[in-house]
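Everything on this sheet refers to the single structure shown next.
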Protein chains: 2
Amino acid sequence: MEDVARGAGVSRALVSLVFRDSPRVSDRSRARVLQVADQLGYRPNAMARGLASRHGRTVGVLINDLHNPFFAEIVDGIEALADALGFRLLLGHGGGSARELSVLGTILEFRPAGLVLLSPDTPSGVIAQQVGGVPVVVVGRPVRRPGMDTVVNDEAHGARLAVEHLAQLGHRRIAHVSGGARGAGAKQRARGYGVAMRALGLGADACVVPGGFTEQDGVEAAARILADGEPPTAIFAANDLVAVGVMAVLDDHGLAVPGDVSLVGYDNSALARVRHVDLTTVNQPRHEMGQLALACLLERIRGERDRAVLHRITPTLVVRSSTAAPRA
Amino acid sequence: MEDVARGAGVSRALVSLVFRDSPRVSDRSRARVLQVADQLGYRPNAMARGLASRHGRTVGVLINDLHNPFFAEIVDGIEALADALGFRLLLGHGGGSARELSVLGTILEFRPAGLVLLSPDTPSGVIAQQVGGVPVVVVGRPVRRPGMDTVVNDEAHGARLAVEHLAQLGHRRIAHVSGGARGAGAKQRARGYGVAMRALGLGADACVVPGGFTEQDGVEAAARILADGEPPTAIFAANDLVAVGVMAVLDDHGLAVPGDVSLVGYDNSALARVRHVDLTTVNQPRHEMGQLALACLLERIRGERDRAVLHRITPTLVVRSSTAAPRA
DNA sequence: ACAGGGTGTTAGAGCGCTCTAACGATCGTT
DNA sequence: AACGATCGTTAGAGCGCTCTAACACCCTGT
């Protein structure tokens, strides 16, 4: 920095002002400083900058599982807004709750202005204790805790979209393969399914098969459904992977999708878009979720808001070729 | 830190030594310092630490595409080694070459000790200029440049494995849907296919259909293959996604896999493992690639090596149910 | 010609840590 | 008992930046 200042014939402080985009610098000085900096290959040191400045322009993002492209799209949304606002992101990868906590610690050592946690495994109490006073937004898991905001998908609404779509096609016996007891949003989806079925007067036909979030869970659930006598005409699966598992078993039993059984997934993952699968599914606007999460975090960082908020994003239904009217 | 020192009745410098895991601290002092630190919720400031110390223990990782789970597994490998060696990772997400360069800049502002670039889009010349003297390892793209090491998959070997497997089953007319002209490794795979076919005396039967790396590319290539009269008895696709596209078209034409046509993919992606797909495919040991990349970077950081190296990882074949002997 | 309000620039004191060099204490050795 | 060697500890000078407060400078209006 000293060198740049000398090269441009100005003081160190002015160089600093230029790199902070201060409006109080004349165009001529700015241009000269930038030119000399470029020529000398000078690049500000984020460490020193972070140390000296009180307001960090860095936000930490903890991704639960890098393997799940679901999170990638949320990160896209966060990035889009961060880029626009001049914030830098520090990405961390959890993967197992023990590691998650240590990665959280690492991010915190960089003193971020705030934290976005994508579906964290760690209990919110532990997180709250770790982060101290740093603002936190949790995405994908409802957390009721002062000082933590939340962005979640309206799972019940998503389930209702699926059920109503199937009912509209004429299905009455619609089964649900649930995401199990622990999966994020699984319970809410199952509950939403139940509510929607009753609201349509199909409460008597409702049937929840316990499952999980893996393909194998779908396979096992489907096997159980087919073993139980007359199969339903439609199945709403807890997510796309489960739906694919169900689809495989139906195929093995000579049941066509959607000819014999209609199938709806959840997540609108890349898998659902595969030509061979082409699954009707509930789409969560992930990009929007990411943007909202960061926007929400910034409100708190700027001290514009103090009470915790819970944003519930409304999902949409993507109709593909795995659903049709039931066989007459 | 001052407070911790006071609380433990020692000097600031000793607290620093404790947090740097120095062996020159008595167990008694260490225990007391750690206890007081924990009690006060003290956490070292990575900024200040990075500023003051010359040898950063931070490594930057630039991920080309967060949506591609392929990279996630490489990151897993990097993380495993980094954790073991006490290095922290700074993850960045490219996504489009313009953004990639700016993200690279952001990471560099944190003055990492080294950089791992996963399949960067940016030309190596530009990268070299940006990073200055920071050691770099490029994964997934062969780069010949002093100061940059490379970890790549042995694409030619992978292609040979696929072809030999099919030939061993009795196939002779084996077509290849290539990954196009621009895709990473596409040309090497196509060349490897050609070499393997000739080596097996099947040079006359070799047939490369131009494609790409998307499902749609597979669909189009398959359509072209089927339009050209007698179809081959086996198809080796540039990657799994392409294979799935091919599979869909074969299915549409009433051709069974592997009954009528055997199919081999490349990457051993999650898609290949889907029950319904169950694709024979070439597996790149991604975890190992990540570990090797970091190990290689550390050699250079430590100054143990100066000349550039190129590590070529040997892939393996994962046989599933998309390949079988041709119909007699 | 001079006050008054910008505008553009600067000196200098930290930010929280690491690291060098040096120190006092304890030990085994002669 | 005196000696150097080793161990545990400490003071104090930076690391490269930001930021406050003050300062020079150039207008404009009277």
Side-chain angles (χ1 to χ4, degrees), chain A residues 1-34 36-37 40-58 86-88 105-113 132-134, chain B residues 1-34 36-37 40-58 86-88 105-113 132-134:
Chain A
M1 197 173 195
E2 193 83 49
D3 296 341
V4 174
R6 207 177 2 255
V10 296
S11 75
R12 236 181 57 251
L14 187 65
V15 177
S16 168
L17 285 176
V18 169
F19 277 96
R20 274 180 288 154
D21 284 328
S22 162
R24 311 170 67 84
V25 179
S26 64
D27 288 346
R28 213 160 48 86
S29 299
R30 182 189 306 281
R32 202 160 60 239
V33 167
L34 286 177
V36 174
L40 263 54
Y42 167 78
R43 194 191 293 283
N45 182 324
M47 305 281 187
R49 180 177 272 194
L51 227 203
S53 71
R54 7 212 124 289
H55 59 270
R57 291 186 85 65
T58 302
F87 274 78
R88 54 174 95 270
T106 298
I107 295 180
L108 283 171
E109 287 183 14
F110 281 95
R111 299 291 188 271
V134 181
Chain B
M1 197 172 195
E2 193 83 51
D3 296 342
V4 174
R6 209 181 356 257
V10 297
S11 74
R12 235 181 59 251
L14 186 64
V15 177
S16 169
L17 286 175
V18 169
F19 277 95
R20 273 180 287 153
D21 285 327
S22 162
R24 311 168 69 82
V25 179
S26 65
D27 289 346
R28 214 160 48 86
S29 299
R30 181 188 306 279
R32 202 160 60 238
V33 167
L34 287 177
V36 174
L40 263 53
Y42 168 78
R43 194 191 294 284
N45 183 325
M47 306 279 185
R49 182 177 272 193
L51 226 203
S53 69
R54 8 211 123 291
H55 59 271
R57 290 186 86 64
T58 302
F87 274 78
R88 55 174 97 269
T106 298
I107 295 180
L108 283 171
E109 287 184 12
F110 281 96
R111 299 292 189 273
V134 181

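Letters A, B, ... mirror the listed sequences (proteins, then strands); counts begin at 1.
Side-chain N or O atoms of A:S53 include one that pairs as donor or acceptor with a backbone N or O of A:R49 at under 3.5 Å. Remark: side-chain polar atoms of A:R32 are paired, donor with acceptor, to backbone N or O of A:A8 under 3.5 angstrom.
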Give the C-alpha distance, both sets of side-chain angles, the deciding distance and a yes or no for side chain to side chain contact (heavy atoms under 4.5 Å, CB included) between B:R24 and B:L17.
CA-CA 8 Å; B:R24 311 168 69 82; B:L17 286 175; 5.6 Å; no
Would B:E109 and A:R88 count as a side chain to side chain contact (heavy atoms under 4.5 Å, CB included) if you check the C-alpha gap in whole Å, the side-chain angles of each, and the deciding distance to 0.1 Å?
CA-CA 11 Å; B:E109 287 184 12; A:R88 54 174 95 270; 2.9 Å; yes
Working for side-chain hydrogen bond (donor to acceptor under 3.5 Å, both in side chains), residues B:R20 and B:S16:
CA-CA 6 Å; B:R20 273 180 287 153; B:S16 169; 2.8 Å; yes
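Atom CZ of B:R24 and atom P of C:dT26 are 18 Å apart (whole Å). As a whole-Å value, the separation of B:L14 CG from C:dC23 C1' is 14 Å. Protein atom CZ of A:R6 is 14 Å distant from nucleotide atom P of C:dT10, rounded to whole Å. Atom pair A:R30:CZ and C:dT9:C1' shows a separation of 13 Å (rounding to whole Å applied).
Between the side chains of B:R30 and B:S26, no donor N or O sits under 3.5 Å from an acceptor N or O.
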Reading nucleotides 11-21 of chain C 5' to 3', which nucleotides get B (base under 4.0 Å from a protein heavy atom), which S (sugar-phosphate only), which -?
BBBBBBBBB--
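The side chain of A:S26 contributes no N or O atom lying less than 4.0 Å from OP1 or OP2 of C:dT7.
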